[in-house]
Amino acid sequence: MDKKQKLLRNNAFQTVLASLICIAIGLLIGYIVLLIINPAGAGKAIVAIMKNFFYYPNAAAATKYFGTTLIKASALLMCALSVLFAYKAGLFNIGAAGQYVVGAGGCLYMALKFEMPWYVCLLAGVIVAAIVGGISGALKAYLNVNEVISCIMLNWISLYGVNMLLTTVKDTSTPYTKLLFNFNQKAMLPKLGLDQLFHNKYMTIGVPLAILMAILVWVLLSKTKFGYELKATGSNKQAAKYCGMKEKRNIIVTMMIAGGLAGFGAGVFYLSGIEQWMVQQTSVPAMGFNGIAAAFLGGLHPIGTLFASYFIQHITSGGTYVDTTLYCTQISDLISAFIIYLCAFVFFFKRWLNRYLDKKEEKGGTR
C-alpha cells in the first residue's frame, strides 16, 4: 500500500476531509440562498460571514472581537464535549441545553444572591448540572427510560426553574439579572492579563480552561481504564455486566460528567460577565443544541470538536456583519444549519471512501 493509500485510510484524515467537504458544501448552498434572496449583495454577505472579526481594519478592534468569539466558542466547546462524552458511552445527551441552563442558574445565583467568589460559583454550576444529568442517567439505568425523552423534558423544567430562581436576583429596571461586573466582581473569572492581551474586558481564564478540558476528556476516554469501561458499557451493556463492570453506575456517572461539562460551559460564559440572564426567556439557549453539531462536525473527537466549535461560532458571529438592509443577521444561522445537516453525511462519506479504496485494491490485486 503506497503512502497516498495509507493517508486515505487514516481515520483522522478521513474525518477532517469529510468535515471540510461538509463545510464547503454548506457554504456553497448558503451562497446560493443568498443569491436567490438578493444577488447584488451575495458575495459581500458570504465574505462578511467568513471574515467575522477580520471585518475590522483596526487591529485592536479585530483582536477585541476575536476575544468575544473565543469566549462564546469556549462555552460551545463545553456543550459539544458534553454531547461527545455521552455519545462515546452509547448515550445521546440532547439534554446538554438544559444542563447548560441549570449551570448558568447555579453559578449566577451563588454569585448574585450569596456574593460568593468565582470558584464557588463555578463549582456550584458544575454540580447542579451534573445532578440534572445524573437524573437522566438514573432513569435510563434503573427504569430504562430513553435518555432523549427524559433530557427533553428536563430541558424545559430546567429553563422555567432557573427563570423562577433568578427572578430573585433580577435587576429592578430590566428583565435581566443584576450586572455581575458591578454587583460582585469577585465572582468574575480571573483575567491574568488576557483582557489586556485581547483588548477585551470579558476575556478570562475560561478560554484556556475550556481547551484544557477538551484535552482532559480526550485523555480520560482514550488513555484510562475508566474511559474504556464507559465505552464498553455503551457498546454492550449486557456484555459489560457479564465482565463484572457496574453498568448502571457507569450510565449514571457518564451522564453526570456530561452534565457537569455543560454546566462548566455555562460558568465559563456567564462568569466572564459578557452576558446577563433574561428571566423572561421562553426558549432554551441554542448553545446546548449547537454543541451537538460541533461534536459531530469534529468527528466525535475532543480535539476535532475544539476546532469545530470555534468554526461554528466564527460564522455565527460573522452573521452580525451582514448588510441588514439586504439580509437578516440570522442568515449565518441558516448557513450553520446547512453545515449541521451535512454533518450527518460525514460517516457516510467515510464509508464510501473506504469502499472505493477496497475496490481499487481489489482491481490492483487482480492485475
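Here, residue 1 is the first one in the sequence, and each next residue gets the next number.
- Side-chain atoms of Leu17 and Phe349, non-hydrogen and from C-beta on, do get closer than 4.5 Å to each other.
- The two residues Asn354 and Gln14 come nearest to each other via the heavy atoms OD1-NE2, 2.8 Å.
- Between Ile94 and Cys151, the shortest heavy-atom distance links the atoms CG2-CB, 3.6 Å.
- Looking at every heavy atom in both residues, Gly67 comes nearest to Asn200 through C-ND2, 3.9 Å.
- The closest side-chain heavy-atom distance from Phe183 to Asp171 is not below 4.5 Å.
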request  = Would you please test Ser158 and Val132 for side chain to side chain contact (heavy atoms under 4.5 Å, CB included) and show each step?
outcome  = CA-CA 9 Å; Ser158 299; Val132 171; 4.2 Å; yes
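- Atom CD of Gln196 has 12 or fewer heavy atoms from other residues, nucleotides or ligands within 6.0 Å.
- Note: Leu76 CG to Leu306 CG = 10.5 Å, rounded to the nearest 0.5 Å.
- Nearest heavy atom pair, residue Leu34 against residue Ala45, reads CD1-CB, 3.9 Å.
- Counting heavy atoms of neighbouring residues, nucleotides and ligands inside a 6.0 Å radius, atom NZ of Lys186 exceeds 12 of them.
- Two rings, from Tyr87 and Phe296, have their centers less than 6.0 Å apart.
- A continuous path of hydrophobic side-chain contacts links Leu209 to Leu220 [ILVMFWY only; heavy atoms under 4.5 Å].
- By the rule that hydrophobic residues join a cluster once side-chain heavy atoms approach within less than 4.5 Å of another member, Phe226 and Met213 end up as members of one cluster.
- Rounding to the nearest 0.5 Å gives a distance of 11.0 Å between OH of Tyr202 and NZ of Lys72.
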Using distance only, find each side-chain donor-acceptor pair of residues 134-143 under 3.5 Å and give its atom names and separation, not counting sequence neighbours.
unit_1 : atom_1 : unit_2 : atom_2 : d
Ser136 : OG     : Ser150 : OG     : 3.3
Lys140 : NZ     : Glu147 : OE1    : 3.4

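- Atoms CE and NZ, on Met188 and Lys191 in that order, are 4.0 Å from each other to the nearest 0.5 Å.
- Counted by atom type alone, Thr204 and Asp195 present zero donor-acceptor pairs between their side chains at under 3.5 Å.
- By the side-chain contact (heavy atoms from CB on, under 4.5 Å) test, Ser222 is found to be paired with Trp218, residues two or more places apart in sequence or in another chain being considered.
- Applying the ring-ring contact (aromatic ring centres under 6.0 Å, His included) criterion to Tyr310, with sequence neighbours excluded, gives His314.
- Ring planes of Tyr321 and Tyr65: perpendicular class, angle over 60° (limits at 30 and 60°).
- In terms of modelled atom types and a separation under 3.5 Å, the side chain of Thr254 and the main chain of Asn250 share a donor-acceptor contact.
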Side-chain donor-acceptor contacts of residues 257-278 below 3.5 Å, not counting sequence neighbours, with atom names and distances?
unit_1 : atom_1 : unit_2 : atom_2 : d
Ser272 : OG     : Phe269 : O      : 2.5
Ser272 : OG     : Ile274 : N      : 3.3
Gln276 : NE2    : Thr177 : O      : 2.6
Trp277 : NE1    : Asn163 : OD1    : 3.0

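- Met245 and Val253 fall into different hydrophobic clusters, defined by Ile, Leu, Val, Met, Phe, Trp and Tyr side-chain heavy atoms under 4.5 Å apart, directly or through other members.
- In this structure, the side chains of Leu84 and Pro302 come closer than 4.5 Å at one or more pairs of heavy atoms.
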Scan the side chains in residues 98-110 for donor-acceptor partners under 3.5 Å anywhere in the protein, sequence neighbours excluded, and list what turns up.
unit_1 : atom_1 : unit_2 : atom_2 : d
Gln99  : OE1    : Asn93  : ND2    : 3.0
Gln99  : NE2    : Asn93  : OD1    : 3.1
Gln99  : NE2    : Gly95  : O      : 3.4

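- Shown here is Phe289, whose CZ atom has more than 12 heavy atoms of other residues, nucleotides or ligands within 6.0 Å.
- Residues that satisfy the ring-ring contact (aromatic ring centres under 6.0 Å, His included) test with Phe338, not counting sequence neighbours, are absent from this structure.
- Counting only heavy atoms from C-beta outward, the side chains of Val148 and Ile152 approach each other to under 4.5 Å.
- Judged by the 6.0 Å distance and 45° axis criteria, Lys170 is not positioned over the aromatic ring of Tyr176.
- Remark: Leu197 CG to Leu192 CG distance equals 11.5 Å, nearest 0.5 Å.
- Minimum interatomic distance between Phe13 and Asn10 (heavy atoms only, all atoms of both residues): N-OD1, 2.9 Å.
- Between Ala111 and Leu180 the shortest heavy-atom distance is CB-CD1, 3.7 Å.
- Hydrophobic clustering keeps Met255 apart from Phe85 (ILVMFWY residues linked when any side-chain heavy atoms are closer than 4.5 Å, directly or through intermediates).
- To the nearest 0.5 Å, atoms OH (Tyr119) and CG (Leu189) are separated by 13.0 Å.
- Counting heavy-atom neighbours within 6.0 Å of Tyr228 OH, excluding the residue itself, gives a total of 12 or less.
- Between the CD1 atom in Ile32 and the CD1 atom in Ile37 there is a gap of 12.5 Å [rounded to 0.5 Å].
- Within 6.0 Å of CZ on Arg249 lie more than 12 heavy atoms contributed by other residues, nucleotides or ligands.
- Side-chain heavy atoms closer than 4.5 Å link hydrophobic residues (I, L, V, M, F, W, Y) into clusters, and following such links, even through other members, never connects Val322 to Leu28.
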task = Please report the C-alpha distance between Phe53 and Thr68 in whole Å, then the side-chain angles of each, then the deciding distance to 0.1 Å, and finally whether the side chain to side chain contact (heavy atoms under 4.5 Å, CB included) criterion is met.
result = CA-CA 9 Å; Phe53 54 85; Thr68 299; over 6 Å; no
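- A heavy-atom distance below 4.5 Å is found between the side chains of Leu179 and Asn182.
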message = Please determine whether side chain to side chain contact (heavy atoms under 4.5 Å, CB included) holds for the pair Leu297 and Ile23, giving the CA-CA distance in whole Å, both sets of side-chain angles, and the decisive distance to 0.1 Å.
response = CA-CA 9 Å; Leu297 185 62; Ile23 290 170; 4.2 Å; yes
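- Side-chain contact between Ile315 and Asn52 is absent, with no heavy atoms from C-beta onward closer than 4.5 Å.
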query = Checking side-chain hydrogen bond (donor to acceptor under 3.5 Å, both in side chains) for the pair Ser309/Gln313: CA distance, chi angles, key distance, verdict?
reply = CA-CA 6 Å; Ser309 298; Gln313 188 57 55; over 6 Å; no
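- Counting only distance, with no hydrogens or angles, the side chain of Lys113 and the backbone of Val169 share no donor-acceptor pair below 3.5 Å.
- Listed for the Lys88 side chain is a donor-acceptor partner under 3.5 Å among the backbone atoms of Leu300.
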